[in-house]
Amino acid sequence: MVDIVAIVTTTIILGSIYGLVAIGMSLIYGILRVLDMSQGSMVMVGSFVAWGALVVADFNPLLALVAAFALTFILGVLTQLVSVQPLVGRGGIDFEMVTFITTFAVAMVLQNVVLEVFGPRQRNVPALVSGQVTVYQGVTLPYQSIAMVAVSLSLMLGFGIFLSRSRYGLAIRAVAQDANSARLMGVPIKRLFPLTMGLASALAGVAGCSWGHFLRLATVR
């Protein structure tokens with residue numbers, strides 16, 4: 001029973017982190033028809049931003065999350081403008097395959113830049129929230145893990161409200177259903193593409209804040 005409780009709690013924590021990344025990738029593929037290979041690198045960037053904000057700059061944890069969200073949003077927008085936008089509407093190419101390669105190239109660039117700047121050694125992301133609670137006989141759950149799940153679920157809920165209630169959210173849903181019809185109805189598709197990729201990358205960046213600390217816990221254990 002102890003093992004089952006431990007597995008279930010770990011599954012919930014990891015599921016909340018992976019869920020943010022999966023939502024972003026699904027959003028990008030649904031709107032742009034692009035399998036974005038740079039999403040994993042956005043998770044990495046989010047982890048390093050959290051480390052820099054908490055360890056180097058000694059920021060408030062909330063500011064660390066905001067910084068990770070903002071920086072990866074900007075990187076996502078730039079990735080779309082540089083590696084995807086120039087290929088939109090060009091005939092004679094396999095769009096999905098070519099953008100798969102170009103976003104993979106962006107991922108390689110980001111990884112090597114981070115490796116050059118920070119080196120190959122692991123950087124431990126400190127906990128945003130200290131303390132822990134005993135769930136079951138010997139199975140403890142850090143408050144940090146509870147915070148991870150809470151932040152992830154809050155972002156998922158907020159993103160769902162954004163898609164269902166806001167003007168740009170409804171436009172994103174319209175493009176996902178039928179891009180040509182949405183274009184005929186006046187939806188600014190070219191402006192939606194960078195926004196969509198930026199939001200997806202920002203979700204991955206926030207997931208990286210949680211993932212960096214989770215890896216630290218796994219290493220310590």
Side-chain angles (χ1 to χ4, degrees), residues 17-50 65-90 93-114 151-152 154-183 186-211:
I17 298 173
Y18 290 147
L20 288 178
V21 183
I23 288 173
M25 294 194 71
S26 299
L27 182 67
I28 292 174
Y29 190 80
I31 302 298
L32 282 83
R33 295 298 184 269
V34 172
L35 184 57
D36 183 14
M37 297 304 293
S38 68
Q39 282 292 89
S41 295
M42 297 302 172
V43 176
M44 173 198 65
V45 171
S47 296
F48 274 101
V49 171
L65 291 174
V66 172
F69 186 95
L71 182 58
T72 48
F73 176 85
I74 294 172
L75 284 176
V77 170
L78 292 176
T79 298
Q80 198 281 332
L81 293 176
V82 171
S83 66
V84 178
Q85 190 69 29
L87 302 172
V88 175
R90 293 187 60 180
I93 65 170
D94 186 341
F95 180 74
E96 292 189 20
M97 179 55 67
V98 174
T99 51
F100 175 92
I101 296 172
T102 56
T103 54
F104 184 77
V106 171
M108 292 294 100
V109 170
L110 289 175
Q111 290 175 20
N112 282 280
V113 168
V114 170
V151 169
S152 297
S154 298
L155 281 175
M156 292 177 190
L157 178 61
F159 194 66
I161 294 174
F162 169 77
L163 289 178
S164 61
R165 300 290 179 85
S166 70
R167 181 179 179 182
Y168 275 100
L170 293 173
I172 288 173
R173 292 174 61 190
V175 173
Q177 291 177 10
D178 193 326
N180 290 328
S181 296
R183 184 184 291 107
V187 175
I189 292 182
K190 285 191 175 181
R191 282 190 294 179
L192 278 183
F193 287 166
L195 173 65
T196 300
M197 207 152 178
L199 287 174
S201 299
L203 292 178
V206 174
C209 296
S210 301
W211 184 241

Would a distance-only check, ignoring hydrogens and angles, find a side-chain to backbone donor-acceptor pair under 3.5 Å from T72 to F69?
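Judged by distance alone, yes, a pair lies under 3.5 Å.
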
Minimum heavy-atom separation for [X] and [Y], please, with both atom names.
| X | Y | result |
| --- | --- | --- |
| A171 | V187 | CB-CG1, 3.8 Å |
| V21 | A207 | CG2-CB, 3.9 Å |
| F95 | L32 | CE2-O, 3.2 Å |
| V175 | F193 | CG1-CE2, 4.4 Å |
| S47 | G208 | OG-O, 2.5 Å |

How long is the straight-line distance from [atom2] of [Y] back to [atom1] of [X], given to the nearest 0.5 Å?
| X | Y | atom1 | atom2 | result |
| --- | --- | --- | --- | --- |
| I189 | R183 | CD1 | CZ | 4.0 Å |
| Q177 | I31 | CD | CD1 | 9.5 Å |
| M156 | I23 | CE | CD1 | 4.5 Å |

side-chain contact (heavy atoms from CB on, under 4.5 Å) for L87 and T99? Distances and angles first, verdict last.
CA-CA 8 Å; L87 302 172; T99 51; 3.8 Å; yes

Check step by step if side-chain contact (heavy atoms from CB on, under 4.5 Å) holds for V84 and T79.
CA-CA 7 Å; V84 178; T79 298; 5.6 Å; no

Could you give me the CA-CA distance, side-chain angles and deciding distance for L199 and F73, then say whether side-chain contact (heavy atoms from CB on, under 4.5 Å) is met?
CA-CA 6 Å; L199 287 174; F73 176 85; 4.0 Å; yes

List in chain and number order the residues that pass ring-ring contact (aromatic ring centres under 6.0 Å, His included) with F48, two or more places apart in sequence or in another chain; answer none if no residue qualifies.
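Residues passing ring-ring contact (aromatic ring centres under 6.0 Å, His included) with F48: F118.
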
Please enumerate all residues that pass side chain to side chain donor-acceptor pair (under 3.5 Å) together with S166, with sequence neighbours excluded.
none

Which pairs would a plain distance check flag for residues 106-114, meaning a side-chain donor or acceptor within less than 3.5 Å of a matching protein atom at least two apart in sequence or in another chain?
from	atom 1	to	atom 2	distance (Å)
Q111	NE2	S41	OG	3.4
N112	ND2	M108	O	2.7

